Amino acid sequence: MKEQYPFSEIETKWQAYWETNGLFKTDTASADDKYYCLMMFPYPSGTLHVGHGRNYIIGDAVARYKKMRGLRVLTPMGWDAFGLPAENAAIKTGTPPRESTLNNIAIMKQQLQAWGCCYDWDREVTSCMPDYYKWTQWLFLKLYKRGLAYKKEAAVNWDPVDQTVLANEQVLPDGTAERSGAKVEKKMLSQWFFKITDYAQRLLDDLAKLDGWPERVKSMQENWIGRSEGARVQFKLIPRPDGRADDETLVPCFTTRVDTIYGCTYMVLAPEYPQLDQLVDGLPEAEDVRAFVQRAGHLSAIERTTEGDKNGVFTGRHVENPYTGEQIPLWVGDYVLMEYGTGAVMAVPAHDTRDWAFARKYDLPIRLSIQNPEQSLQLDRMEEAYTEDGIVVDSAHFSGLPNREAIPQMAAYAEAQGFGGPVIQYRLRDWLISRQRYWGAPIPMIYCDACGMVPVPESDLPVLLPENVEFKPSGESPLKRCASFIETTCPKCGKPARRESDTMDTFVDSSWYFFRYLSARDDEQAIDSVQCNNWLPVDQYIGGIEHAILHLMYARFFTKAIHDMGLISFEEPFAQLFTQGMITKRSDMDGQLYKMSKSKGNVVSPEALIQQYGADTVRLYTLFIGPPEKEAEWNDAGVEGAYRFLRRIWRRVFEHRDLLREAAELTPNLDGMEPPERDLYRKLHESIQRITRDLEGDFHFNTAIAQIMELMNAVDDLAISADSSPSARAVFRETMESVVLLISPFAPHIAEELWQELGHPPSILQTPWPTVNEAALYRDEIEMVLQVNGKVRGRIMVGAEADQALIESEALANPQVQKWIEGRTVRKVIVVPGRLVNLAVS
RNA sequence: GCCGGAGUGGCGGAAUGGCAGACGCACCAGACUCAAAAUCUGGCGAGGGCAACCUCGUGUGGGUUCGACUCCCACCUCCGGCACCA
C-alpha cells in the first residue's frame, strides 16, 4: 500500500516517463499557439544550489501551466560554457577547461532533471563547442563588415587578478571587478570593441515598447545609457605666447547648461587630454602640468572619483569664449573625465557646484549669469553655486529670458554662428569585447605584414581553440604562446601571418543563444530566419536581476544589429521579462543575510533535501516562499510545511481511493446539492478562478499555492464517506481531481501519480487546465458587513436579489447597529452591493 | 544629488478604495497513544473586560473620502541603479 508517499520512487518514474515520451519536444515548424518560455542558461560552475533552483522551478511551473492551457511550449536549455573560472581552475589543477566544463555540465544537467525540470534537450546548445562558437565568430565577422566591430587603442579596464581587460559594465561602482573583486587599473591597449553606441538611441527608445518588462530593469538601462541633451561649443585657442603654432586651434566642450555660458570664467581639460602635452610644451608652466598629469594618472579610479577635493594647475594658455569674445584661462583639473564629452569643460563657478569648489580653491573669478526668481542673488553673499532655474542676466541679448528657454536659443545661436550647436551625449560607451584569455571564442582576425588586418574568410570558420596548450600562471594567454595557433597564412596574399590571440567576452556568446535554440543542429547557418521570425520574440524570459544591464542590454543590441543585417524581422528579443529575487540565507558565521555562496557558508544544496523530502516538496516550498520577484530568506522549517501539505493530499486520495474511483461517472449537479457540498463546490471554482488569475498575472505562485491549501481545508470540512450522497461524492471527486490538476505545475510528480491513481491515463501535462463554472460561484445568500461610521458593528445575511431599500431597512433594524445609532441622526447610508452597508451618523 | 522599489503580527507573507493579518512557519492547549512520532481539533496583533464586547493598530505627519495598508502631499528609514557625466 502506498499511503507512505514514496516520493523517490514516483519522482524517478515520472522523470523517465516525461523524457521517454518526449513531452517537452516541440515542433517549431509552425507558429500556431506558440509559447517560447526561456530561462537564462547557466554558467556550468559545478553544482547548483536551491537559490539557482528558483529560476528553473519558476520556468518549469510556467511551462507546465502553459502546456495545460493548450499552448505549444518551447523550453530549451543550454550552457554559457566559456568563462574564466574553468581556465583559472586549469592553471591550478591542470584539468583542461573543456574537460572540467563538460563534467560540470553533466552534473548540472542531472540536477535539473532531479528537480523535475523538463526541457527539449534536442535543442541543447553549449557555447564552448565549435558548432556553436563557429557562429559566434560568424556574427563577429558580420558586425565587422557593418563597421560595428573595430579595434582601437584606448584606456581600458585591466583586471590584474584575472589578467584581462573588462568591459565598463563589468566594473563595479567602487572600481573593483565584478567577477574577481580585484581593483581595476587603467591601461592603454589596442582592443576590440562593438559599436553599441550607434544603437544608444534605439536601445533607449525601444525600452518604452517593453511593457512586459519590470520598471526597475528599464530604469537601470535608462540610467546606463544616460542620454543627456546639451550643446557643443568650440572655444578658440589663443595663440601661444612664444609664437609657436598649435596642431589644433579649437577646444570643443560639451555642456548641458549653455544658458550659463556668459558666466564662464575659465576652462578645464582632463589630465588625459590628448593635445595637452603639446599645448604646454616649452612654456614655463609645462613642468607643473606634466607633474600634475603624472600624479593624477597614479590615482585609482576610486580616488579620482571620490567627490570633494578637486585639484588642478594653470596651463599658461588661454581660450576665447565664442559668445563673449573674452579670453579666459585654460586649466587642467582632475575632476574632468576624458571619457565623457570632449574631455574639456567650460567652468561656470556661479552655477555649478564643482566649478564653485575649484574656483574657490584656486581663487578664480566667479560671475553670475542666472538670477533666481526672487532676484535676491548677490555674488558676495553666496555660499554655494546657484544651480536652480532662473532668469538669464548679463548675457547680451539673451538677458531676461527664463534659462530653460535660453538653452535651445543659445544652442541655435552657436549653430548659426558656426561654433557649435545642440548635441546629444550618452553615457553608454562602446562594448569592449577583447579578452586576453584562452577559454573563449577566438576573434577571427589575421594580421598580415603586407595586407594589414584581414578577417578570416567565412569558409574557414570556425577558428578552433587549440587543445595542446599549457596553462601556466604567467598572466599571458596560452594562445599567445601557441605557435600552431598563432602562425597562419594571410587569406589575401598567402604570405605568413599571425592570428589574433584575444578571445571574445563570454557575454557575446550569450547575446544570441536564444536564436540558436530554433536551429541548434543546423550546420549551414547561424540563424534560421523563418523559424526565428515565427517563434521570437521570446514570450517569457526568466532570470536573475543581476543581468539587468549586462546581458539584457547586449542581447538587445545583438537583436537590433541582426535585424539590421536583414536576418530577422523583429527588434526586441524578449517580450516579457521576469526577474526573480535572490534566495538568501543567514550565515552561521555572523548571522547576517547573504545570497548563497560558499564563502559565506550558507549554501543549501538540493540533493539532501530531495533525498529527505522529494523534489516536489523542494519545488513547492521554493514557489511558496514569497512573491517570486522579491528576495526571500530560505528557512528549513518551511520545507517541512510544504512536505506536510503534499503528504496530506496524498493521504486524502488514498483514504478515499475506492470512493473516488467509483464516483467516476458522477457529475456534480447544482440542482440537487445540499449546503455542505454546495459550499465546497463554490470554493473549488473560486479557487480555480483565483489560481488561474495568479498564474496569468505576475506568477504569484505563493498565493496560488495558499489557495490550494485553503481548498484542501475546505475539503476536510466536508465529512465524506462511502455513505455520503451521490451529489456529495461527485463534488468530492471533482474537487480532488482539480486539486491534483491545479498543483501539477508546482509539484508535477505527485500530481502525475495521483492522476493515474484516480483512474486517468498519463500524462497530466496533456490534460486541460480546469475551467471555472460561473454558475458554481453564485450564492443565494450573501453576508453583509454592517458599519457605523466606517467601523464594523455587525453582520447580516441577505438574499442575493435583495434590493437597496430592503438591505437598508434590515441594516437599520439590526440590534448591534441600533446600539450605535440610538439617539443620533443617520445622515447617509452607503450600500455596497454584495459587500457592506455603512451608516454615517452624526 | 537624480531615478526605481519597499516599509503590515514572533517569522515568511495576504488583502479590484469596503471585515487588516488569507495561507504557511513557529508557539500554546487538547484528542489519539503505554509512550513518542505522525495525524486530527482549537487558540495565537497589542491593551482592557468574568463575559458580551470595547479601544488602539499596516514607517511618521497631514489631506481626499461615508470608508484609506490601498489615492494625494510632505517627510523618515531601508534596498537597488546612476553619479566630479559638465
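Residue numbering restarts at 1 for every chain, and letters A, B, ... go by the order of the sequence lines. Fair warning: this is a prediction, and the values are worked out from it, not measured in the lab. Scope of the values below: all heavy atoms of this structure, side chains included, with no hydrogens, waters or symmetry mates.
- For Val832(A), the listed nucleotide lying nearest its side chain is G18(B); candidates were C19(B), G18(B), A86(B).
- Across all strands, Asn702(A) comes closer than 4.0 Å only to sugar-phosphate atoms, never to a base (heavy-atom distances).
- Nearest to the side chain of Ile830(A), among C66(B), C82(B), G80(B), sits C66(B).
- The residue Trp634(A) sits apart from the nucleic acid: no heavy atom pair falls under 4.0 Å.
- Pair assignment for G12(B): C23(B), on the basis of Watson-Crick or G-U wobble contacts that are both within less than 3.5 Å.
- Counting non-hydrogen atoms under 4.0 angstrom, Asn713(A) reaches the backbone sugars and phosphates but no base.
- Atom P of nucleotide A26(B) and atom CZ of Phe624(A) are separated by 12 Å, given to the nearest angstrom.
- The number of heavy atoms from other shown groups lying within 6.0 Å of CZ (Arg216(A)) does not exceed 12.
- Using a 4.0 Å heavy-atom criterion, one finds that Gly641(A) contacts the sugar-phosphate atoms exclusively.
- Distance noted for atom P between A29(B) and A38(B): 16 Å (whole Å).
- Nucleic acid contact for Pro627(A): sugar-phosphate only, since backbone atoms but no base atoms lie under 4.0 Å from a heavy atom of the residue.
- The CG atom of Asp352(A) sits 8.0 Å away from atom OG1 of Thr387(A), with the distance rounded to the nearest 0.5 Å.
- Nucleotide C53(B): paired with G48(B) (Watson-Crick or G-U wobble, both distances less than 3.5 Å).
- Remark: A68(B) base-pairs with no nucleotide in the shown strands. Criterion, Watson-Crick or G-U wobble with two distances under 3.5 Å.
- Among the protein residues, Val792(A) comes within range of the sugar-phosphate backbone only, with heavy atoms under 4.0 Å from sugar or phosphate atoms but none that close to a base.
- Nearer to the 5' terminus of RNA chain B, by closest-nucleotide assignment, is the contact made by Glu222(A) (compared with the other of Glu222(A) and Lys828(A)).
- When each of Lys819(A) and Arg827(A) is assigned the nucleotide of RNA chain B bearing its nearest heavy atom, the one mapping closer to the 5' terminus is Lys819(A).
- Atom CD1 in Ile705(A) sits about 13 Å away from atom P in C25(B), given to the nearest Å.
- Annotated as anti: G48(B), whose glycosidic dihedral deviates from 0 by more than 90°.
- Looking at heavy-atom distances under 4.0 Å, Ile625(A) makes contact with sugar-phosphate atoms alone, never a base.
- Counting non-hydrogen atoms under 4.0 angstrom, Arg795(A) reaches a base of the nucleic acid.
- Judged by Watson-Crick or G-U wobble contacts below 3.5 Å, the nucleotide G1(B) has C82(B) as its partner.
- Taking 3.5 Å as the limit, the base of C19(B) and the side chain of Arg835(A) contain no donor-acceptor pair of atoms between them.
- Within 4.0 Å of Lys218(A), counting heavy atoms only, lies no atom of the nucleic acid at all.
- At a cut-off of 3.5 Å, with distance as the only test, no side-chain donor of Asn635(A) or Lys585(A) sits close to an acceptor on the other residue.
- Between Tyr621(A) and Tyr643(A), a ring centre-to-centre spacing not shorter than 6.0 Å is recorded.
- At the heavy-atom level, Arg429(A) lies under 4.0 Å from base atoms of the strands shown.
- Nucleic acid contact class of Arg216(A) (heavy atoms, under 4.0 Å, all strands): sugar-phosphate only.
- Distance Met712(A) CE to U39(B) P: 13 Å, rounded to the nearest Å.
- Distance, Tyr621(A) OH to G13(B) C1': 11 Å, rounded to whole Å.
- Counting atom types as modelled, Asn838(A) pairs a side-chain N or O with a base atom of C66(B) as donor and acceptor under 3.5 Å.
- In this entry the distance linking OH of Tyr5(A) with P of U39(B) reads 14 Å, nearest Å.
- Contact annotation for Glu783(A): base contact, defined as any heavy-atom pair under 4.0 Å involving a base atom.
- The side chain of Lys791(A) has C56(B) as its nearest neighbour among C56(B), A38(B), C66(B).
- Shown here, A74(B) forms a base pair with U60(B); the pair counts as Watson-Crick or G-U wobble because both key distances fall under 3.5 Å.
- When distances are taken from the side chain of Thr255(A) to each of U39(B), A86(B), C19(B), the shortest belongs to A86(B).
- In this structure, Glu640(A) reaches neither bases nor backbone, as no heavy-atom distance under 4.0 Å exists between it and the strands shown.
- There is a side-chain donor-acceptor pair under 3.5 Å between Arg556(A) and Gln221(A).
- Neither side chain, Thr584(A) nor Glu633(A), offers a donor N or O lying under 3.5 Å from an acceptor on the other.
- The residue Arg232(A) sits apart from the nucleic acid: no heavy atom pair falls under 4.0 Å.
- Base pairing analysis places A31(B) opposite U39(B); the two distances defining the Watson-Crick or G-U wobble pair are each below 3.5 Å.
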Verdict with supporting geometry, Arg827(A) and Val841(A), side chain to side chain contact (heavy atoms under 4.5 Å, CB included): CA-CA 5 Å; Arg827(A) 284 187 294 115; Val841(A) 302; over 6 Å; no

